[in-house]
Amino acid sequence: MRTSKKYRVTLIGEKDNGKSTLLGKLLLLTGAASKERIDDAKGNMFGGRFEPAFLLDNFSEERQNGLTLDSTKASIFYKDRSLEFTDVPGHEELIKNMLSGASESKAAVFVVSANKGEGFTSQAKRHLDVAVLLEMKSIVVAVNKIDAVGYSQDRFNSIRKDILNYLSRLDFEGKVTFIPVSAYDGDNLVERSKRTPWYHGMAVLDAVVRAAETEKPQRRSNRLRILVQGEVQNEKHTLFLGRVCSGRASQGSRLSVEPGHDDTKIAALFVDGSKAEHANSGKNISLSLGRGVRPKKGSVLYGDRCKPHTLLVVKAKLFIIDNTGMVRPDNASIKINNTTVGVNDISIVKSRVDCNIADAQLTLDKEYPMERFETVPELGRFLLYSGRSLAGIGVVQ
Amino acid sequence: MITVPLQDLGELEERSISVLREAKMQFKRIVALWSMGKDSTAVLSLARKAFMKKVPFPVMHIDNGIDFPESYSFRDSLMEKWGLELIVAESKIKKELSGFSCCGANKTDALKKVLNEYGFDAVIVSIRRDEHGIRAKERFFSPRDKYFKWNYKNQPEELWGNYTSPSEDKSHVRVHPILEWNEIDVWNYTKKEKLPINPLYLAKDGFRYRSLGCTHCTVAMPSNARTIDGIMAELKSTKSEERGGRQQDKEKAYAMEKLRALGYM
Ligand SMILES: Nc1nc2c(ncn2[C@@H]2O[C@H](COP(=O)(O)OP(=O)(O)OP(=O)(O)O)[C@@H](O)[C@H]2O)c(=O)[nH]1
């Protein structure tokens, strides 16, 4: 049996614009929904019409209120690609659930209603902000409910113009594709619809497959970096648990512990609990180090001659959930790889009118090694907190 | 026909191992639920990889006395082979109950009792997103309050491997290391690692169990799969869900949602 790498795609867009309907309909059209799920959705219609969205919205409250509470994943295997879609809630109060769902996606299907009054709202813009912050390379815009506006090309074009305008303000450099769809009826989801003869482009699923095909491998660093997760005692020895974030770890590799700049080397290396010579990027490892060196949870071990990109002052792009109150530095902190670091100062270098993305400079209250998101994603993305509540997310520039 | 592609096992394993390690670092008293089924056995195998081949926390069997005999002998042999520290939580079965009320009263109550008795602050549970629409909304680290309630309307954020931290107002945190795996991936892993399996999963006289509950609620399905390869071939083209043989899931609308809100796995 073949294994295929997952391509992660998130649905984004304002509430009620049809994200769950679109994904539910895709599941139905590609035969990816199980019989139980279909029966369950049909058996709980609350007196209304059949809603494909119920294939994703499984909580009773979600169905009664026609609203997604929390993210759900669903996989579709299409044209030899394993596509993992995440449906996220559109409601503005549920943005932290949206962020949790969208955070690991490489592309987005942005669902925006062509209906008067629904359209390109400020909450829809927040979702686009997030896609751009996460450096997604492709956005497929599904201009939905085209049935409700008489399959109007004019309406399609006017929405297209607004969105292109907004994306250029965000300095979005990726690919964007616009497709008129009716998620409920299935027009232009898997096959081109006859009801939009003026549209000559791809159907949604093909546009997603193309996004997956044209995805360039990231320009990842190949220098050795190991993130330390903690330590355990093993027959009198201390073993450090960690994960290789970039490069390749080898028995004997020379390391510098950050923060602290302590030099050491790998005395013994274990993969899956067995002694190993090498471990590649992505592997969880156990290590014993030179005597006296004691990295903590959250420390990063750097291979020879490689130094952290930032330690105390971090240039980052931030998405701020509520930008009216801005985050006050006196109770701000960031969380990265389960390590919390206080923030002494946040200064905004560049903000943009009407959007929640800002370029900022953060001064941490102690040194913490970070990397550019682009080169070592694991060490270049963080959560921003105001007190105990999530205030935003950021990626290191 | 639904084609279920295999996910990349390497990727899945690394994620699961780092979830297990994070749990070990964050919590003081961890216990793993072990039903002797394929999923919880795979999780114990992953814990052995994460922690130098020794599962560093006790495992708990919620035993209502009516599990299959095959499960008990499977339990005892693996316990010895892997040096597991086993806790058996007896749950008294009430004759008149079945399905929803049975799982609610028995399994969940037994779990509550043991957690309180031992003061566990984290419970490792081998649920997967593909098992049930409700479980699809879970997090890797999922807090429960002192009434064991799952506050699914307001779950903590979980991004980029940053998990919720322990705090005062939680009774315990459920940790779900194989949340992202599909049924077929578990079999693929079981095969690769040559893990022992409960014989009930393989077809005998034209029937096999796809999911193991207890003798009261679990129904065998027609099958000729006598090997893991046979099971995987069968799964590749099924239109049915794994828990189809479980009574409690389909009894009433939203039974799973209600069970889970009460503290069920
Ligand atoms: N006319 C028409 N109605 C649609 C279409 N797609 C979705 N709808 C309706 O729009 C409503 C909202 O759809 P959902 O899929 O629940 O919207 P959502 O974007 O997932 O909303 P949240 O989950 O709250 O973010 C439902 O009543 C759908 O039936 C469409 O193509 N045409």
Side-chain angles (χ1 to χ4, degrees), chain A residues 1-6 31-37 40 43-44 55-61 69-75 77 82 84 96-97 99-100 102-104 229-232 234 239 241 243 270-274 282-284 286 297 335-338 340 377-378 381-383 390 393, chain B residues 1-11 13-14 17-18 21-22 24-26 48-54 56 129-130 132-134 136-139 152-163 165 167 180 182 184 188 232-233 236 238-241 243-244 249-250 253-254 256-257:
Chain A
M1 261 180 254
R2 235 186 8 255
T3 314
S4 71
K5 280 252 181 264
K6 282 193 270 215
S34 73
K35 190 177 163 302
E36 279 87 347
R37 292 252 175 129
D40 179 62
N44 296 287
L55 294 170
L56 287 316
D57 293 341
N58 284 285
F59 288 130
S60 48
E61 284 96 337
L69 278 174
D70 215 325
S71 304
T72 319
K73 291 187 169 133
S75 297
F77 195 62
S82 180
E84 185 186 82
K96 79 178 160 54
N97 294 351
L99 291 171
S100 303
S103 59
E104 285 179 53
Q229 216 176 350
E231 59 173 64
V232 288
N234 185 52
L239 283 180
L241 305 179
R243 191 171 65 249
F270 302 88
V271 172
D272 293 341
S274 304
K283 286 301 285 180
N284 287 290
S286 308
K297 179 172 171 49
K335 189 171 170 182
I336 172 166
N337 294 310
N338 294 291
T340 297
E378 292 85 345
R381 55 198 184 188
F382 56 84
L383 282 60
L390 186 69
I393 57 175
Chain B
M1 191 181 87
I2 306 176
T3 15
V4 189
L6 294 173
Q7 301 184 76
D8 184 283
L9 266 189
E11 224 171 88
E13 283 179 45
E14 298 311 323
I17 290 171
S18 83
R21 286 179 165 187
E22 196 56 44
K24 178 74 185 136
M25 296 306 128
Q26 289 205 18
R48 282 167 46 82
K49 289 190 176 194
F51 304 104
M52 302 300 287
K53 305 225 164 116
K54 168 97 187 108
R129 284 203 175 111
D130 71 326
H132 198 285
I134 298 293
K137 308 251 175 186
E138 267 288 4
R139 301 276 198 262
Y152 56 78
K153 285 182 223 170
N154 188 17
Q155 300 200 69
E157 61 277 359
E158 189 171 87
L159 284 87
W160 301 322
N162 289 285
Y163 306 108
S165 355
S167 83
E180 292 194 324
N182 293 325
I184 199 164
N188 195 21
M232 289 173 69
K236 269 208 89 176
T238 177
K239 261 218 169 301
S240 241
E241 283 193 353
R243 296 173 61 93
D249 293 4
K250 45 191 173 189
Y254 308 111
M256 189 62 155
E257 177 177 328

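Owing to the predicted nature of the structure, the values given are computational and were not obtained by experimental measurement. Each chain gets a letter, A, B and so on, in the order its sequence line appears, and its residues count up from 1.
You'll find the side chain of Gln229(A) reaches within 4.5 Å of the side chain of Ser18(B), heavy atoms only. Side-chain contact between Arg139(B) and Asn97(A): present, with at least one pair of heavy atoms (C-beta onward) separated by less than 4.5 Å. Under the 4.5 Å side-chain criterion, counting only non-hydrogen atoms from C-beta, Leu383(A) is in contact with Glu157(B). Using a 4.5 Å heavy-atom cutoff, the side chains of Leu241(A) and Met25(B) are in contact. Side-chain contact check for Ser286(A) versus Arg21(B): some heavy-atom pair is nearer than 4.5 Å.
Distance CG/Leu159(B) to CZ/Phe382(A): 12.5 Å, rounded to 0.5 Å. We find the OG-CG distance between Ser75(A) and Asn182(B) to be 6.0 Å, quoted to the nearest 0.5 Å.
In this structure a side-chain-to-backbone donor-acceptor pair under 3.5 Å is present from Lys335(A) to Tyr163(B).
For a residue to count as touching a neighbouring chain, one of its non-hydrogen atoms must lie under 4.5 Å from one of that chain's; by this rule Glu231(A) touches chain B with the backbone only. Of the atoms belonging to Ile336(A), it is backbone heavy atoms, and not side-chain ones, that fall under 4.5 Å from chain B.
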Q. Do Arg243(A) and Glu14(B) pass the salt bridge (charged side-chain N to carboxylate O under 4.0 Å, His left out) test, and can you show the C-alpha distance, the side-chain angles, and the key distance before you say yes or no?
A. CA-CA 9 Å; Arg243(A) 191 171 65 249; Glu14(B) 298 311 323; over 6 Å; no
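A search for salt bridge (Lys or Arg N to Asp or Glu O under 4.0 Å) contacts involving Lys297(A) returns Glu22(B), not counting sequence neighbours.
Defined by atom type and a distance below 3.5 Å, a donor-acceptor pair is missing between the side-chain atoms of Ser274(A) and Lys49(B). With 3.5 Å as the limit, one finds no donor-acceptor pair spanning the side chains of Asn162(B) and Arg381(A).
The choice from Leu239(A), Asn284(A), Asn337(A) that makes the most heavy-atom pairs within less than 4.5 Å of chain B is Asn284(A).
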